[in-house]
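Positions are given from 1, in the same order as the sequence printed here. Just follow the structure's listing: the first ligand is 1, and inside any ligand the first atom is 1.
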Amino acid sequence: MSSRAFSPPSVAMARAPFNLFAAAFVLYVSGRSVSAINVSLPISAPGGSQPLSPTLLSFSIEQDRWPDWTGTNARNQFTHSALLNYAALTGQPPNIRVGANSEDHTFWSPTVTVEDASFPPPNSITPYPEATSITVGNAYYSLSRFLPSGTHMVWGVNLGADNVTNAVNMAKAIVGAFRTLAVQLSGVVLDRIEVGNEADLYKNNGLRPRNWTVQEYVADWENVAGAVAEAVGINDRNDRVTLQGAAFAGQGFTPRQIFDLGILDSPPGRAISVISQHQYSAAFCNGGDFPLVSFMSKAAVRGNLTVFAADIAATHAKGLIYILGETNSIACHGAPGVSNTAGAALWAIDYTLQAATLGIKQAFFHEGVGYKYNFVSRIRAPHGGIRGTPAYLPLS
Ligand SMILES: *[C@@H]1O[C@H](CO)[C@@H](O)[C@H](O)[C@H]1NC(C)=O
Ligand SMILES: *[C@@H]1O[C@H](CO)[C@@H](O)[C@H](O)[C@H]1NC(C)=O
């Protein structure tokens with residue numbers, strides 16, 4: 001961290017908002033019951049408890065509209081203020097991962113300055129569709145300097161295209177951007193590179209053959225991530241910049257499977273410091289109705305997280321950190337009337353704290369311009385992605 005970096009207050013302060021949220025949640029639940037509920041709260045923390053990470057709640061940003069979030073010539077003051085408001089509560093700006101579906105559709109080009117992207121037409125279910133092709137230049141990555149000082153980042157690299165040249169170009173551009181004076185002075189730090197997003201879905205979305213296996217994934221990843229790590233000088237998991245592993249969509253492939261296939265013994269595997277999985281409680285890809293009440297169900301909230309228990313245990317047994325590198329209420333940008341309600345905010349508190357109790361260090365809530373489940377979104381624009389307005393309004 002440079003001397004201009006954000007300096008966090010004490011851990012006790014950092015934890016306070018979460019304790020308040022927890023108390024509010026208990027009150028909410030008890031308020032709905034017919035008789036009083038007595039809740040005993042210990043004065044000191046139980047023996048096995050761990051400090052909550054001040055970045056427990058972090059954000060994942062869809063890569064296609066990254067410049068809208070940051071600003072291009074000057075920082076986007078709205079995004080910057082929102083993240084600083086968060087930092088004032090927790091003691092540290094949230095970690096930011098940039099990638100997701102569009103990570104596997106991005107190419108680096110020496111002739112593009114910031115970004116060229118093409119978007120499919122909007123429809124009522126998906127008023128703000130993701131770009132199908134994105135070409136970026138070096139300046140795209142150095143927009144990272146517009147985030148608050150002290151922000152730690154994870155950047156995605158394209159594995160979907162299975163093109164080593166492009167993956168290496170992207171990784172060099174990312175690492176190169178963080179070596180520029182402007183990014184160094186900004187106090188924004190690159191922690192990890194993620195090679196490939198939700199590779200367990202490649203066989204469904206056309207990026208690999210229908211019969212593609214986890215064995216083939218491990219070979220592909222070792223090939224592409226190996227070239228990436230070598231090109232940018234990432235050698236092991238104690239380096240300043242390391243690799244984020246897995247990033248699977250669900251249980252299609254699991255961390256346990258890739259550990260058993262020896263991924264951690266491969267040269268790039270030795271640089272994996274963090275294992276990431278993704279989770280959504282439902283999916284709105286084809287529309288549908290989702291009862292908000294199910295998001296108030298303790299059993300449902302817990303059930304959506306305990307599915308990872310064996311992978312969390314296996315990850316910790318390898319001495320690695322476990323995160324949900326992408327998550328939110330309902331996949332495909334959220335469902336109107338559910339993801340954008342106060343109920344969803346209550347759900348997020350319960351879900352995030354429950355994740356922490358299971359040994360999940362951070363939950364990166366996915367955000368995109370016009371998505372219904374956003375934590376950070378201007379109310380006026382773009383209407384929370386609900387009204388189906390095709391007009392695209394930038395955040396700044
Ligand atoms: C791989 O990427 C490089 C660099 O962008 C490009 O020149 C080349 O055509 C790509 N190869 C294939 C097979 O798409
Ligand atoms: C996940 O959450 C959704 C929405 O609340 C619920 O319908 C579903 O049953 C939950 N899944 C599990 C495995 O608990």
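Using modelled atom types, one finds a donor on one side chain and an acceptor on the other under 3.5 Å when comparing S102 with E62. Side-chain N/O atoms of S281 and Y351 include no donor and acceptor closer than 3.5 Å.
Every atom of ligand 2 is numbered from 1 in the order shown, and the set under 4.0 Å from a heavy atom of N304 is 1 (C), 2 (O), 3 (C), 8 (C), 10 (C), 11 (N), 12 (C), 14 (O). Residue S281 has at least one heavy-atom neighbour below 4.0 Å for each of these atoms of ligand 2: 1 (C), 2 (O), 3 (C), 4 (C).
For ligand 1, the protein residues within 4.0 angstrom (heavy atoms only) are F107, N163, N166.
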Run the side-chain donor-acceptor check on residues 161-169: report pairs under 3.5 Å with partners two or more places apart or on a different chain.
{"residue": "N163", "atom": "OD1", "partner": "T165", "partner atom": "N", "Å": "3.1"}
{"residue": "N163", "atom": "OD1", "partner": "N166", "partner atom": "N", "Å": "3.0"}
{"residue": "N166", "atom": "OD1", "partner": "W108", "partner atom": "N", "Å": "3.0"}
{"residue": "N166", "atom": "ND2", "partner": "T106", "partner atom": "O", "Å": "3.1"}
{"residue": "N169", "atom": "ND2", "partner": "T165", "partner atom": "O", "Å": "3.4"}

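F248 and Y217 have their aromatic ring centers within a separation under 6.0 angstrom.
Among the candidates W66, F146, W155, the single residue satisfying the ring-ring contact (aromatic ring centres under 6.0 Å, His included) test with Y141 is W155.
Residues I312 and I360 form a side-chain contact, since some pair of their non-hydrogen atoms from C-beta on lies under 4.5 Å apart.
Annotation for K172: atom NZ does not count as buried by contact number, only 12 or fewer foreign heavy atoms lying within 6.0 Å.
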